[in-house]
Amino acid sequence: MTKISKWFAATTAFATLAGTFVSVAAPLSASAATKIKNPFPVTVKSSKKAIKGGTLQFAEVSDTPFVGQWVSSLSTEQTDADVEQPANESLFWTNSQFKFKNGGPANISFDDKAKTATITLRKNLKWSDGSQVTAKDVEYEYEIVANSAYGSSRWTDSFDDIVGLQAYHEGKAKTISGITYPDGENGKVLKIQFKEMKPGFTQSGNGYFLETAEPYNYLKNVDPKKLVSDAKTTTKPLTTGPFRVKKIVPGESISYERNPYYWGAKPKLNGVNVTIVSTAKAVASMKSHQYDIYNGLGNDQYKQAKNVKGYTVTGNQALYFQALYFNLGHYDAKKSVNVTDRKTPLQKVDLRKAMGYARNVAQVSKKYDNGLTVPANTTVPPVFKSFWDSSVPGYSATQNLKKANSLLTKGGFKWHNSKKQDYRIDPSTGKKLTLIYLARSGATNSEIVAQNYIQQWKKVGITVKLYKGKLTDFNSWVSMTTDPTADQNWDFTDGAWSTSSEPSQTDLFSASAPFNFGHYTSKKLTALLNATNSQKSLKTSYRIKQFKKYQKYVYDTAFVIPTKYEINWTPTNKRIKSYTSAYGNAGTTTGNWWTTAQLVSKKPLTK
């Protein structure tokens, strides 16, 4: 049931902190420190007989309301993806290794010689109002991504591989010449002409083409600039999944009913209720057995949640990484390109590296995250076994204040008072080195963790202040890191990603990626990213080598510093007949878990 795409992860894996941190005495190698083992079953089943119908209660644990954007290319937040699961469905099914397979709402096939992909929609694939899903609906998603008037954050260089899409993006063409409909706009077939075939094409989440559709006839008369806020995309959406929206209380809850036009098996549940539950109230509501599924609990809550009677926990290695981003430039929206031009001492690589070495990430992970996170060494999660490079040391496995101090001195950041060593001086200004930390709220101990890190940086003479003296809520944080017109008076921040199921990182760090919110670019980085997606990389062994070169470059330049990997874990009430955290559609017999979900009692079980 896991949806695979790139989303901002709403909750960072911070745990309850207490006491004082100390440096780790014995260094760990990156491979040892980043080794993570799933302690949970991926799938659980009940031997009890299922009841007929029933309504499943789903708790999305979050301290901020969901945005509720239903157009995929206008949505950026994991919370939206989570709360929309019962009604949204990707066009394509995938296997457990994230590769496309036939049998879903649409099939996709490739002709390497002709350099085309053909998408064939099911004849009975309909929107939740009974209208047909057409080839134009698939193409319309590309228009939303490529036309800047819609304000999508998902445009990247990767789309330039589709013939004519760059010209459409730049306003030089009114239509996308490389996307055609063999059976007409209202037909069920769409053909995409590429400039070249890419190694990641058979893998979901590759970023070269889209995997969703939007109801063109329903949305076509909405002003592009207003589409993101229109009721048709926020509270009255058309969807294709097993359930459809019955009622939305904006930001708070969604009630779903069966979608009578769903192409697949009829859902066994009568409905689903999704509710936002704050982190402070989540475990208490578990103890009173209010919900069947708790999605998004923080790792700090694991000890309290794991033994609540009536629940079992499933889990899986997460397609996830957390990282420290440095604000090094800006995003030029007119040219759709990042520019590394910000006047900041963080342009010095020695300072960036020092900030990485000075943090005590390993202690936070080991002592307070209940074994559910480990320090990260690269931005490629270890779940991509072949592509992840365990030999890269990273900065988070071991706090190294001595090395941090040495790097700062080497970079010209001298102590204000060499004897007292109270703070360092920024050589470019001659003033106290002071940086602004855009730290997020979201976990119960976010404030304590942020203050802890500030104390670690202070130890090496870096003075850090929170943005406006406090933590920033998740929705505001997303706006500040993705909207070029938002206040950019911050120097660094923690980002967390639920990553795509294709290891390419072009969508996150390329020169044109709006999600590259550190705005770091270089010819070398572009070349490395391109190499991982080149024709030569059609040969897997070559691609693996390029990925390892890329990860080494990230380490050497420290334009972003990987922080943590983690395990996804989900408590589910024992009245659910069967639940899986498996990736892709391999975990169920019919492909979509929501069609098979059943309950074994009328109310959540208490033991």
From [X] atom [atom1] to [Y] atom [atom2], the distance as rounded to the nearest 0.5 Å:
X    : Y    : atom1 : atom2 : value
R543 : S386 : CZ    : OG    : 11.0 Å
I119 : L91  : CD1   : CG    : 6.5 Å
Y294 : T570 : OH    : OG1   : 13.0 Å
N273 : T55  : CG    : OG1   : 6.0 Å
S510 : N530 : OG    : CG    : 8.5 Å
K539 : I544 : NZ    : CD1   : 11.0 Å

For residues [X] and [Y], report the shortest heavy-atom separation together with the two atoms involved.
X    : Y    : answer
T116 : Q193 : CG2-OE1, 3.3 Å
S90  : P105 : O-CG, 3.3 Å
V249 : F66  : O-CZ, 3.8 Å
P86  : Y256 : CG-CE1, 3.7 Å
P237 : S128 : O-OG, 4.2 Å
G205 : S501 : N-OG, 4.1 Å

Using a cut-off of 6.0 Å, state whether more than 12 heavy atoms not belonging to K268 lie near its atom NZ. no
Kindly check if the number of other-residue, nucleotide or ligand heavy atoms within 6.0 Å of NZ (K536) is above 12?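 Count not over threshold, so no.
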Is there a ring-ring contact (aromatic ring centres under 6.0 Å, His included) between Y262 and W594? Walk through the geometry before answering. CA-CA 12 Å; Y262 183 58; W594 291 100; over 10 Å; no
Would F100 and S204 count as a side chain to side chain contact (heavy atoms under 4.5 Å, CB included) if you check the C-alpha gap in whole Å, the side-chain angles of each, and the deciding distance to 0.1 Å? CA-CA 6 Å; F100 295 120; S204 176; 3.8 Å; yes
Using modelled atom types only, decide if a donor and an acceptor are shared between the side chain of T481 and the backbone of W477 within a distance under 3.5 Å.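 Between the backbone of W477 and the side chain of T481 there is a qualifying donor-acceptor contact (under 3.5 Å).
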Closer than 3.5 angstrom, by distance alone: can the side chain of N38 be matched with the main-chain N or O of G315 as a donor-acceptor pair?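 Looks like yes, one N/O pair under 3.5 Å.
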Between [X] and [Y], is any pair of side-chain heavy atoms under 4.5 Å apart?
X    : Y    : answer
P242 : N592 : yes
W497 : F515 : yes
S73  : W155 : no
L121 : V189 : no
N316 : I567 : no
Q132 : L125 : no
I144 : E214 : yes
N88  : W70  : yes

Is the charged tip of K115 near the ring of F194: under 6.0 Å from the six-membered ring centre and within 45° of its axis?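 No, K115 does not sit over the ring of F194.
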Using 4.0 Å as the upper bound for N to carboxylate O, is an ion pair formed by D129 and R244?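 Here R244 does not pair with D129 in a salt bridge, since their nearest N and O are not under 4.0 Å apart.
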Do K136 and E143 sit within salt-bridge range, that is, some charged N less than 4.0 Å from a carboxylate O?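 Answer for the salt bridge query: yes.
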May I have all residue pairs that pass salt bridge (Lys or Arg N to Asp or Glu O under 4.0 Å) and include part of residues 164-177, sequence neighbours excluded?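 Passing the test, one end in residues 164-177: E170-K172.
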Strictly by salt bridge (Lys or Arg N to Asp or Glu O under 4.0 Å), give each pair with a member in residues 220-233 just once, sequence neighbours left out.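 Salt bridge (Lys or Arg N to Asp or Glu O under 4.0 Å) check on residues 220-233 returns no pairs.
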Mind telling me whether W388 and Y565 have parallel, tilted or perpendicular rings, with 30° and 60° as the class edges?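 Geometry flag for W388 against Y565: perpendicular rings.
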Report the relative orientation of the aromatic rings in Y579 and W593; use parallel for angles under 30°, tilted for 30 to 60°, perpendicular for over 60°. perpendicular
Any chance you could lay out the side-chain hydrogen bond (donor to acceptor under 3.5 Å, both in side chains) test for Y261 and S131, step after step, and finish with the verdict? CA-CA 9 Å; Y261 303 104; S131 60; over 6 Å; no
Please walk me through it: do H330 and N338 pass side-chain hydrogen bond (donor to acceptor under 3.5 Å, both in side chains)? CA-CA 6 Å; H330 75 282; N338 288 283; over 6 Å; no
Kindly determine whether L227 and L74 satisfy side chain to side chain contact (heavy atoms under 4.5 Å, CB included), including the steps that lead there. CA-CA 9 Å; L227 187 65; L74 297 179; 4.0 Å; yes
Show your reasoning for whether salt bridge (charged side-chain N to carboxylate O under 4.0 Å, His left out) applies to D473 and R440. CA-CA 6 Å; D473 72 86; R440 300 189 310 185; over 6 Å; no
Quick one, L319 with F98, criterion side chain to side chain contact (heavy atoms under 4.5 Å, CB included). Give me CA distance, side-chain angles, the key distance, then yes/no. CA-CA 11 Å; L319 283 159; F98 318 117; 3.8 Å; yes
With sequence neighbours left out, what residues match Y550 under ring-ring contact (aromatic ring centres under 6.0 Å, His included)?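 So Y550 forms no ring-ring contact (aromatic ring centres under 6.0 Å, His included) with any residue.
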Applying ring-ring contact (aromatic ring centres under 6.0 Å, His included), name anything that partners F387, two or more places apart in sequence or on another chain.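 F387 satisfies ring-ring contact (aromatic ring centres under 6.0 Å, His included) with F547 once adjacent residues are dropped.
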Yes or no on ring-ring contact (aromatic ring centres under 6.0 Å, His included) for F201 and F209, after CA distance, side-chain angles and deciding distance? CA-CA 8 Å; F201 270 12; F209 53 84; 5.7 Å; yes
Centre-to-centre under 6.0 Å for Y291 and F58, is that the case here? no
Residue pairs involving residues 118-127 (criterion side chain to side chain donor-acceptor pair (under 3.5 Å); sequence neighbours excluded):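 Found W127-D137.
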By side-chain contact (heavy atoms from CB on, under 4.5 Å) - contacts of A531 (at least two apart):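 side-chain contact (heavy atoms from CB on, under 4.5 Å) list for A531, sorted by chain: Q546.
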Show the numbers, then the answer: is there a side-chain hydrogen bond (donor to acceptor under 3.5 Å, both in side chains) between H169 and S148? CA-CA 7 Å; H169 174 61; S148 60; over 6 Å; no
Before you tell me yes or no, could you show the steps for Y140 and Y216 under ring-ring contact (aromatic ring centres under 6.0 Å, His included), namely the whole-Å CA-CA distance, both residues' side-chain angles and the distance that decides it to 0.1 Å? CA-CA 6 Å; Y140 181 46; Y216 174 72; 5.1 Å; yes
What's the verdict on side-chain hydrogen bond (donor to acceptor under 3.5 Å, both in side chains) for T506 and N533, showing C-alpha distance, side-chain angles and the deciding distance? CA-CA 9 Å; T506 300; N533 303 308; 2.9 Å; yes
Give the C-alpha distance, both sets of side-chain angles, the deciding distance and a yes or no for side chain to side chain contact (heavy atoms under 4.5 Å, CB included) between V228 and Q69. CA-CA 7 Å; V228 70; Q69 175 51 245; 3.6 Å; yes
